K.L.:
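Just dropping this structure here.
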Amino acid sequence: MYAIVEIAGQQFKVSKDLKVYVHRLDAKEGDAISFAKVLLLDDNGNVTIGAPAIEGASVEAKVLQHLKGEKVIVFKKKRRKGYKKKNGHRQSLTQIQISGITGAGAAPKKKAAAKKAEATEE
């Protein structure tokens with residue numbers, strides 16, 4: 001089972017237990033977060049495509065750490081003019097681990113099964 005989900009303005013193909021580096025998120029290390037903008041969901045060949053997102057589907061993840069990416073050097077030069085500029089950039093990243101993918105109808109089915117179990121007990 002995999003899903004294509006939008007996280008912090010970028011699209012990622014994720015599956016359970018996958019570790020992903022995304023743009024810095026406003027969450028503390030160890031927090032559990034959920035992403036509701038699931039664009040595509042594949043459940044063993046059963047593909048669901050959202051327009052633009054799938055209603056009720058979500059991807060749960062855990063924040064592992066906040067870190068900085070590799071340094072990128074930006075060098076600008078104009079020949080014969082004596083113009084040179086050198087800049088560096090390090091992107092702020094968050095490492096997350098996908099803990100689960102919930103389909104559009106998965107949560108209500110669990111609640112309905114629990115209600116049926118309660119009804120049979122009474």
Side-chain angles (χ1 to χ4, degrees):
M1 177 178 216
Y2 73 89
I4 295 178
V5 62
E6 185 173 328
I7 303 171
Q10 292 183 318
Q11 295 177 8
F12 295 93
K13 180 180 176 183
V14 297
S15 58
K16 187 169 173 29
D17 297 328
L18 183 71
K19 293 181 181 178
V20 181
Y21 292 101
V22 299
H23 289 306
R24 181 66 59 102
L25 299 174
D26 292 333
K28 295 181 180 176
E29 293 183 8
D31 285 354
I33 52 177
S34 178
F35 304 105
K37 200 159 189 182
V38 178
L39 306 174
L40 183 137
L41 189 63
D42 183 5
D43 189 11
N44 298 326
N46 185 12
V47 179
T48 306
I49 299 174
I54 300 171
E55 297 276 335
S58 66
V59 173
E60 288 77 30
K62 180 182 178 186
V63 176
L64 298 179
Q65 65 177 339
H66 296 293
L67 56 127
K68 284 189 159 186
E70 294 293 318
K71 184 178 275 192
V72 177
I73 303 298
V74 180
F75 185 73
K76 297 180 181 181
K77 179 182 178 182
K78 295 191 179 181
R79 63 184 187 159
R80 297 187 304 268
K81 305 296 182 199
Y83 172 79
K84 289 190 250 179
K85 291 283 182 189
K86 183 177 178 183
N87 274 327
H89 176 75
R90 291 185 73 186
Q91 185 69 36
S92 297
L93 301 173
T94 300
Q95 185 182 23
I96 60 173
Q97 183 174 13
I98 306 301
S99 57
I101 300 172
T102 305
K109 288 180 184 176
K110 290 179 182 176
K111 291 179 183 176
K115 288 182 182 177
K116 287 181 183 178
E118 290 176 12
T120 56
E121 290 176 4
E122 292 175 358

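Because the structure is a prediction, the values reported are computed rather than measured. The basis for the numbers below is simple: all heavy atoms, side chains too, and nothing from hydrogens, waters or symmetry mates.
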K.L.:
Would the distance check show the side chain of His66 and the main-chain N or O of Ser92 forming a donor-acceptor pair, the cut-off being under 3.5 Å?
P.N.:
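Absent.
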
K.L.:
Checking side-chain polar atoms at under 3.5 Å, does His23 have a donor or acceptor matched by the opposite partner on Gln91?
P.N.:
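A donor-acceptor contact under 3.5 Å links the two side chains.
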
K.L.:
Give a yes or no answer on whether the side chain of Arg90 reaches the backbone of Glu70 with a donor-acceptor pair at less than 3.5 Å.
P.N.:
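Between the backbone of Glu70 and the side chain of Arg90 there is no qualifying donor-acceptor contact (under 3.5 Å).
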
K.L.:
Say you draw a straight line from CD1 of Ile49 to CG of Leu39; how long is it, rounded to the nearest 0.5 Å?
P.N.:
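Going from CD1 on Ile49 over to CG on Leu39, the span is 10.5 Å.
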
K.L.:
With ILVMFWY side chains joined below 4.5 Å, transitively, what does Leu64's cluster contain besides itself?
P.N.:
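Its cluster partners, ordered by chain and number, are none at all.
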
K.L.:
Between Lys16 and Ser99 (side chain of the first, backbone of the second, donor and acceptor by atom type, cut-off under 3.5 Å), is there such a pair?
P.N.:
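Yes: the side chain of Lys16 pairs with the backbone of Ser99.
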
K.L.:
Looking at Leu93 and Arg24, what are the two nearest heavy atoms and their distance?
P.N.:
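Shortest heavy-atom separation between Leu93 and Arg24 comes out as O-NE, 3.4 Å.
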
K.L.:
List, by chain and then residue number, the residues other than Val59 in its hydrophobic cluster (Ile/Leu/Val/Met/Phe/Trp/Tyr, side-chain heavy atoms under 4.5 Å); write none if there are no others.
P.N.:
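So far as hydrophobic clustering goes, Val59 is joined with Met1, Val5, Ile7, Phe12, Val14, Leu18, Val20, Val22, Leu25, Ile33, Phe35, Val38, Leu41, Ile54, Val63, Ile96, Ile98, Ile101.
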
K.L.:
Sequence neighbours left out, what pairs pass salt bridge (Lys or Arg N to Asp or Glu O under 4.0 Å) with at least one residue falling in residues 34-45?
P.N.:
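For residues 34-45, and leaving out neighbouring residues, the salt bridge (Lys or Arg N to Asp or Glu O under 4.0 Å) pairs sorted by first residue read Glu6-Lys37.
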
K.L.:
So how far is it from Thr48 OG1 to Leu40 CG, rounded to the nearest 0.5 Å?
P.N.:
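Thr48 OG1 to Leu40 CG: 7.5 Å, rounded to 0.5 Å.
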
K.L.:
Hey, what do you get for CD (Gln65) to CD (Gln97), rounding to the nearest 0.5 Å?
P.N.:
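One finds 11.5 Å between CD of Gln65 and CD of Gln97.
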
K.L.:
Ser58 and Glu60: side-chain donor and acceptor closer than 3.5 Å?
P.N.:
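Indeed, the side chains of Ser58 and Glu60 share at least one donor-acceptor pair under 3.5 Å.
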
